[in-house]
Number of protein chains: 2
Amino acid sequence: MAKLDFSPIADTTRRAEIVALLRRATLTGQLEPGQKLNELRISEQMRVSRAPLREAMRELVQEGILTSIPYAGTFVIEVTAKDIIDAYSLNKVLDEFAIEQTWPQRDQRFFNELDRRHEAVKQATRAMDTTRQIETALQLHGLIYEWADNSVLLETWQRLTSRLQMYFALHQRARNEPVPAEDVHETYVALMKGSDMGAAQRHAREHIDLDFEELLAYARSLEKRTSKN
Amino acid sequence: MAKLDFSPIADTTRRAEIVALLRRATLTGQLEPGQKLNELRISEQMRVSRAPLREAMRELVQEGILTSIPYAGTFVIEVTAKDIIDAYSLNKVLDEFAIEQTWPQRDQRFFNELDRRHEAVKQATRAMDTTRQIETALQLHGLIYEWADNSVLLETWQRLTSRLQMYFALHQRARNEPVPAEDVHETYVALMKGSDMGAAQRHAREHIDLDFEELLAYARSLEKRTSKN
DNA sequence: GACAAACAGATTGTCGACAATCTAACAAGC
DNA sequence: GCTTGTTAGATTGTCGACAATCTGTTTGTC
């Protein structure tokens, strides 16, 4: 018999599709922080009843990108400077751990996947597709978490990365500038292929710090405005 | 005018109460790993319709203690030896970070709270209330996360601690032995009050390793059995 | 007897309607 | 004018019923 691995077929519930739609809308910044999600309006737009929509919202609330107040409504989370700082400082710690766990497990498949994802970032950059650029960069970064073979760690990172994606998207939207064309991931990929784990860990920290500064500037600008809905 | 801080009033939705009930049932081991949650049966027992029950279940699925398969059902997560290893190795990393963040923020209120929680553990131990003993021990442990002033970190730990609580509860249930009467937290509390941060971090690691060994033995025994529902 | 198709029962997913609650505008009393 | 009570509209929370899907059994065919 032929040795063939089938991947699980897609979830075919309305709920799952709604989750995907809302998540994407939130993470790309189409839904603004603090914005209220009107159940009736959204359910009519999606041609769906409120039941699966509400269940989808509960999921996203637990995922940390929506927040819910009983009898008041469900809102996109607000973004503060402190949130960004917190997320990044935790990300540093997790990165160091993920690299440590992944390091001895690196093999040819890992390197190939690393190159593939790196290529995806470069392609999105050339196409000036900022949304996709953020997505692919985070996916490149996430490989060490997938390879670390620790399901709790992976889960944790996925929650964290949701927020990071949202922060980056908001940042991009706010500054409205073209994306840097240079390849900031070249060194990272090279180090992950090398033999000096400490160097890779250190670079991950510094690399993060780089973008972090830009994000922080954006966060501080948010602090100055009064919150709106 | 008197200076009085009011805390937010409790959520009064059925959903929130259902979540609390189901979470407790799962974490104390009343619901066994792999067990299916029949919506109709549970909703009738709770005298509630399926809508808020299903929403509650979605939350717990995202919380990581239930798992859902479309059109098949929602189940309590299975516990494998690897899950326990993964959770603990991540916990070590987070502990080290939490202590680092908390360290400079320690004040009298922190020490008082530390003592209060330590006392709660001792009381539960004296009362031979194993469930409460697990709860209070984790709460004692969680103080450094509350004090670290990093909301993402706290959230992460709360998700992780849910699982740890479940693992410990299952372990206790399985061995069916009286709890050790000795106070294993004395040293930890003393170190958290001291001035050597490195020592506190090291102890946190080793202290965890201690209970870890017991848990692992339990996990391995699980591996040998075939899964049931 | 082995296999596949059809069926029945149970369970999950979704819907539309109703109840509970909130918000804002307005009126009443001091 | 300011506060308090009332009301109307909108929105969220909950319910009961129906549709879609799965699972195990039975039936029919070879």
Side-chain angles (χ1 to χ4, degrees), chain A residues 1 6 8-23 25-26 31-32 34-63 65-77 226-229, chain B residues 1-2 6-23 25-26 31-32 34-63 65-77 226-229:
Chain A
M1 189 185 291
F6 288 104
I9 64 169
D11 292 348
T12 54
T13 59
R14 299 202 194 298
R15 181 182 71 238
E17 291 193 41
I18 298 171
V19 166
L21 274 174
L22 286 181
R23 184 190 291 123
T26 306
L31 287 170
E32 288 176 23
Q35 189 174 340
K36 177 173 178 177
L37 303 182
N38 185 308
E39 296 178 1
L40 199 58
R41 201 167 52 75
I42 295 179
S43 69
E44 282 170 354
Q45 286 178 358
M46 291 189 179
R47 304 286 178 80
V48 167
S49 79
R50 283 173 55 223
L53 172 62
R54 284 173 58 86
E55 291 186 17
M57 283 176 161
R58 287 312 140 233
E59 289 192 23
L60 293 172
V61 167
Q62 284 313 103
E63 224 177 278
I65 64 179
L66 299 183
T67 182
S68 163
I69 303 172
Y71 290 108
T74 305
F75 309 82
V76 178
I77 57 165
T226 56
S227 65
K228 61 176 182 180
N229 17 337
Chain B
M1 188 186 291
F6 287 104
S7 55
I9 64 169
D11 292 348
T12 54
T13 60
R14 299 200 194 298
R15 182 182 71 240
E17 293 193 40
I18 297 171
V19 166
L21 274 175
L22 286 181
R23 185 190 289 122
T26 306
L31 286 170
E32 288 177 23
Q35 188 174 342
K36 178 174 178 177
L37 302 183
N38 185 308
E39 297 178 1
L40 199 59
R41 200 167 54 74
I42 295 179
S43 69
E44 282 169 355
Q45 286 177 359
M46 291 189 179
R47 305 285 178 79
V48 168
S49 80
R50 284 173 55 223
L53 172 63
R54 283 173 58 85
E55 290 186 17
M57 283 177 161
R58 287 311 141 235
E59 290 192 23
L60 293 173
V61 166
Q62 284 313 104
E63 221 177 282
I65 64 179
L66 299 183
T67 182
S68 162
I69 303 172
Y71 291 108
T74 304
F75 309 81
V76 177
I77 57 166
T226 56
S227 65
K228 61 176 181 181
N229 21 335

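Chain identifiers are assigned alphabetically (A, B, ...) following the order of the sequence lines, protein sequences preceding nucleic acid strands; residue numbering begins at 1 within each chain. It should be emphasised that the depicted structure is a prediction, and the values quoted were computed from it without experimental measurement.
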- Student check: side-chain heavy atoms of B/V19 and A/Q62 closer than 4.5 Å: no

- Which of residues 54-61 of chain B sit near DNA chain C, with a heavy atom under 4.0 Å from it? B/R54, B/R58

- Item | Step-by-step side-chain contact (heavy atoms from CB on, under 4.5 Å) determination, A/L22 to A/L53 | CA-CA 10 Å; A/L22 286 181; A/L53 172 62; 4.0 Å; yes

- Message: Return the NZ to CG distance between B/K36 and B/L31, rounded to the nearest 0.5 Å.
- Response: 14.0 Å

- By a strict heavy-atom criterion of less than 4.0 Å, which residues belonging to residues 43-51 of chain A are in contact with DNA chain C? A/V48, A/S49, A/R50, A/A51

- Of the nucleotides D/dT21, D/dT14, C/dT21, which has the atom closest to the A/Y71 side chain? C/dT21

- Measure the CD1-CZ distance between B/I69 and B/F75 for me, rounded to the nearest 0.5 Å. 5.0 Å

- Query: In Å, rounded to the nearest 0.5 Å, how long is the span from CZ of B/R54 to CD1 of B/I18?
  - Reply: 12.5 Å

- Message: Any non-hydrogen side-chain atom of A/R23 less than 4.5 Å from a side-chain atom of A/L60?
- Response: yes

- Check whether any side-chain heavy atom of B/L66 sits under 4.5 Å from a side-chain heavy atom of B/I77, and report yes or no. no

- Message: Counting the atoms with a prime plus P, OP1 and OP2 as sugar-phosphate, which does A/L37 contact under 4.0 Å by heavy atoms, base, sugar-phosphate, or nothing?
- Response: sugar-phosphate

Distances under 3.5 Å only, N/O to N/O: pair up the protein atoms with those of nucleotides 5-8 of chain D.
none

- Hey, does B/R58 have a side-chain heavy atom less than 4.5 Å from the side chain of B/T74? yes

- Item | Side-chain heavy-atom pair B/I42, B/M57 within 4.5 angstrom cut-off | yes

- Task: To the nearest Å, give me how far apart CG (A/L40) and C1' (D/dG13) are.
- Result: 14 Å

- Rounded to the nearest angstrom, tell me the gap between atom CZ in B/R15 and atom C1' in D/dC15. 15 Å

- Distance check: side-chain N/O of B/R14 vs OP1/OP2 of C/dA20, anything under 4.0 Å? no

- In whole Å, what is the span from the CD atom of B/E17 to the P atom of D/dT14? 9 Å

- Query: Is A/L53 touching bases, backbone alone, or none of the nucleic acid, heavy atoms closer than 4.0 Å?
  - Reply: nothing

- Query: Are any of the side-chain heavy atoms of A/S68 and B/R15 separated by less than 4.5 Å?
  - Reply: yes

- Item | Spatial distance of atom CZ (A/R41) from atom CE (A/M46) [nearest 0.5 Å] | 10.5 Å

- Query: For the pair made of NZ in B/K36 and P in C/dT11, what is the distance, rounded to whole Å?
  - Reply: 7 Å

